[in-house]
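Presented below is the structure to which this report refers.
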Amino acid sequence: MISGPNELMTDHSTSSAAPIRVRIAPSPTGDPHVGTAYIGLLNYIYAKQRGGQFVLRIEDTDRTRFVATSEQEIFDSLHWLGLQWDEGPDVGGPYGPYRQSERTEIYREHVELLLANGTAYKAFETAEELEAVRQSQMAAKLPSRYNGAHRELTAAQIAAFEAEGRPYVVRLKVPVDGETVFRDELRGNIAFAHKQVDDQVLMKSDGFPTYHLANVVDDHLMRITDVIRAEEWISSTPKHVLLYKAFGWDLPRFWHMPLLRNADKGKISKRKNPVSLIFYRQAGFLPEAVINFLGLMGGGMPAPTEKNDTAEIFDIAGMLERFDFAKISLGGPVFDLVKLKWLNGEYLRKLTPEAFFHQLRHVLFSDDYLRQIAPLVQTRIETLGQFGDLADFFFRDDVTPAAEVFVPKKRTLEETVAFAGEQLAVLEGCDWSLEALETTLKALGTAKEWSVKENFMLLRAIVTGRTTSPPLLESLIVFGKARSLDRVRRFVDGQKKLANGRK
RNA sequence: GGCGUUAUGGUGUAACUGGUUAACACGUCGCCCUCUCAAGGCGAAGAGUCCGGGUUCGAGCCCCGGUAACGCUACCA
């Protein structure tokens with residue numbers, strides 16, 4: 001029985017008695033992401049339109065990618081955008097804790113339940129062994145999937161492995177035959193044959209759950225009624241459905257939202273687009289404009305139909321009034337920076353002169369920012385009037401240096417641009433501290449046989465637009481990782497475009 | 001490779017339950033305003049709705065078959 005999205009939509013809008021509860025579950029693994037804001041906004045709107053609750057949960061089960069400062073930055077960025085949650089690690093709530101790393105005992109108990117009822121099993125292979133299997137499968141052009149070697153271990157075998165003290169993971173025992181069908185509220189029914197569903201690891205050998213387990217357990221325990229998340233989760237939804245069944249729990253509704261895209265249509269990524277909310281804040285985008293723009297992505301709002309119709313300009317209140325989840329369009333929208341800038345300009349122009357001054361004063365020329373810049377220039381100028389001669393790049397958006405400025409004497413344009421690309425790559429993964437920047441950059445220089453001078457001068461030219469500037473590394477730190485990377489990325493992209501144009 | 005999702009100008013969206021020359025915004029180009037640049041005003045180009053069949057008096061909307069893009073394919077989320 002196939003039912004269309006519309007039918008699905010209407011059958012719960014009137015019935016569902018449980019109070020609506022939704023959540024976002026960002027991972028503290030780096031800068032707060034624009035995709036988190038997008039999904040966060042949608043969840044917020046959905047809950048508030050229905051008198052429901054919006055929950056923020058921190059998905060920090062991956063300790064290898066954990067970034068200590070990230071959680072606070074997620075809070076700050078979402079608040080900056082005007083999103084507030086009813087429950088979360090910082091505000092508490094009746095279903096806490098809201099940080100998954102503090103719920104490990106809960107997951108452990110739940111895994112025991114699955115082990116006991118036979119819907120999960122222990123597997124003792126090492127990560128290396130699994131990787132080898134995967135490689136050979138790929139080489140043989142077979143679908144890479146867990147081969148199920150430890151699926152039917154006897155009690156004696158398990159006891160033996162455990163006696164050895166061998167670490168193990170717990171896997172979901174996906175039925176061999178049949179299929180799992182679930183409803184996506186925007187698309188209708190989606191079916192996956194069980195042959196296609198892997199025996200997902202639920203509990204890692206370090207005792208932490210994977211997303212799949214933690215997410216299902218938490219959503220159930222936190223009484224989440226609607227899971228509104230990105231489309232990339234569709235393929236793992238059958239695993240989640242199987243888990244709900246294994247526990248004997250009711251399913252939430254699933255809404256998979258289209259993925260934000262780069263201009264080349266790929267899933268939005270930092271290599272091709274600024275994705276850090278910190279970037280948007282520091283670069284002087286107004287939160288109202290960012291929210292408005294996000295609200296435009298994927299439809300949902302009534303569109304303007306007549307000339308000079310201003311329906312495209314709206315705030316969160318407007319979205320609460322008019323946003324319609326049934327009208328979401330499913331094609332992945334391109335995150336078009338050009339249109340975002342236009343919108344931002346609209347908001348800037350609407351500001352009163354006093355409010356505009358306030359923005360300038362507190363965003364671009366904040367005391368905090370100036371205080372960090374001041375020591376970098378103090379010994380290098382003779383009148384205060386020269387400040388701008390040296391520090392202009394801290395306040396500019398476009399510093400594009402000419403080839404004469406950035407290409408070292410003994411290098412060609414091509415190899416220079418290529419090296420800048422290498423700089424970008426290593427900088428992306430680099431901790432934004434003096435020591436880390438210095439060792440990372442120098443290591444790259446050594447590897448590619450670029451002298452420290454060539455290396456640093458190139459980066460200086462890219463970031464400051466000049467060959468003379470305050471100390472490079474200190475400047476990078478003050479200017480910030482998000483904006484510095486954006487500058488390098490734009491430089492590399494721009495030069496590549498020029499090169500293509502010459503061909 | 002396997003599975004899944006999606007498909008309207010360059011971009012974001014619109015087109016009521018199939019009904020006249022596919023609409024609006026961004027961008028682009030031109031003109032006006034103007035000391036410049038923006039803003040603002042006016043105007044233009046740009047899609048025949050991924051392709052091929054079918055149903056129908058009539059299809060962007062329905063059906064069938066392709067194609068392409070994207071996503072997933074981890075002891076990441």
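A, B, ... follow the sequence lines: proteins, then strands. Residue 1 opens every chain.
Between A:T61 and B:rA77 there is a side-chain N or O to OP1 or OP2 distance below 4.0 Å. Within the structure, every side-chain polar atom (N or O) of A:K265 is placed at least 4.0 Å from both OP1 and OP2 of B:rG71. Taking only side-chain nitrogens and oxygens, A:R134 comes nearer than 4.0 Å to OP1 or OP2 of B:rC75. For the pair A:K327 and B:rC16, the criterion of a side-chain N or O lying under 4.0 Å from OP1 or OP2 is not met. Remark: A:R171 is in phosphate contact with B:rC75, judged by side-chain N or O atoms under 4.0 Å from OP1 or OP2. Note on A:R65: every side-chain N or O is 4.0 Å or more away from OP1 and OP2 of B:rA77.
Remark: C1' of B:rA74 and CD of A:E128 are 13 Å apart, rounded to the nearest angstrom. We find that CG of A:L340 is positioned 12 Å from P of B:rG27, with the value rounded to whole Å. With rounding to whole Å, A:Y168 atom OH is found 13 Å from B:rC75 atom C1'. Distance A:Y211 OH to B:rC72 C1': 13 Å, rounded to the nearest Å. Put simply, CD on A:Q200 is 9 Å from C1' on B:rC75, counting in whole angstrom units. Rounded to a whole Å, the CD1 atom of A:I328 is 14 Å from the C1' atom of B:rG12. Atoms CE (A:M257) and P (B:rG4) sit 22 Å apart, rounded to a whole Å. Rounding to whole angstrom units, CH2 of residue A:W233 and C1' of B:rC3 are separated by 17 Å.
Between A:F335 and A:F293, the gap from one ring centroid to the other is short of 6.0 Å. The aromatic ring centres of A:W233 and A:Y211 sit less than 6.0 Å apart. Residues A:F395 and A:F365 place their aromatic rings such that the two centres sit under 6.0 Å apart. Taking the six-membered ring for Trp, A:Y280 and A:W80 have ring centres at least 6.0 Å apart.
A salt bridge is absent between A:D60 and A:R99: the closest approach of a Lys/Arg side-chain nitrogen to an acidic carboxylate oxygen does not fall below 4.0 angstrom. Salt-bridge check for A:E312 with A:K339: passed, with a basic side-chain N closer than 4.0 Å to an acidic carboxylate O.
Within the 4.0 angstrom heavy-atom criterion, only backbone atoms of the sugar-phosphate kind lie near A:E346; the bases stay farther away. Residue A:V338 is in sugar-phosphate contact alone, with no base atom involved, counting any heavy-atom pair closer than 4.0 Å across all strands shown. Nucleic acid contact for A:L130: base, since at least one base atom lies under 4.0 Å from a heavy atom of the residue.
Across every strand in view, B:rU5 sits in a pair with B:rA69 that passes the Watson-Crick or G-U test at under 3.5 angstrom. Here B:rG30 sits opposite B:rC42 as a Watson-Crick or G-U wobble pair (both hydrogen-bonding atom distances under 3.5 Å). When Watson-Crick and G-U wobble pairs are counted only if both distances are under 3.5 Å, B:rA22 pairs with no nucleotide at all.
Rounded to a whole angstrom, the distance from the P atom of B:rU5 to that of B:rA25 is 36 Å. B:rU49 and B:rG10 are spaced 13 Å apart, taking the P atom of each and rounding to whole Å.
The A:L330 side chain lies nearest to B:rU6 when the options are B:rU6, B:rC26, B:rU5. Checking B:rA77, B:rU5, B:rG71 against the side-chain heavy atoms of A:K204 singles out B:rA77 as nearest. Distances from the side chain of A:P304 to the nucleotides B:rU6, B:rC24, B:rG27 place B:rC24 closest. If you check B:rA77, B:rG71, B:rA25 against the side chain of A:K339, the one that comes closest is B:rA25. In this structure, the nucleotide among B:rA14, B:rG12, B:rA77 sitting nearest to the side chain of A:S329 is B:rA14. Among B:rC3, B:rA77, B:rG71, the nucleotide with an atom closest to any side-chain atom of A:F192 is B:rC3. Residue A:R187 places its side chain closer to B:rU6 than to any other of B:rA25, B:rC75, B:rU6.
Between A:R261 and A:A127, it is A:R261 whose nearest contact on RNA chain B lies nearer the 5' terminus.
Within residues 292-303 of chain A, the residues having any heavy atom closer than 4.0 Å to RNA chain B are, in order of number, A:L296, A:M297, A:G298, A:G299, A:A303.
Ring geometry for A:F247 against A:H110 counts as perpendicular: the plane angle is over 60°, on a 0 to 90° scale with 30° as the lower cut. Aromatic ring pairs are classed by plane angle as parallel below 30°, tilted from 30° to 60° and perpendicular above 60°; the pair A:F75 and A:W85 is tilted.
Figure legend: cation-pi geometry between A:R171 and A:Y146, with NZ or CZ positioned under 6.0 Å from the six-membered ring centre and within 45° of its axis.
Inter-residue side-chain proximity for A:L485 and A:F279 is flagged as unmet; no heavy-atom pair is nearer than 4.5 Å.
The base of B:rG4 lies outside donor-acceptor range of the side chain of A:Q196, with no N or O pair under 3.5 Å.
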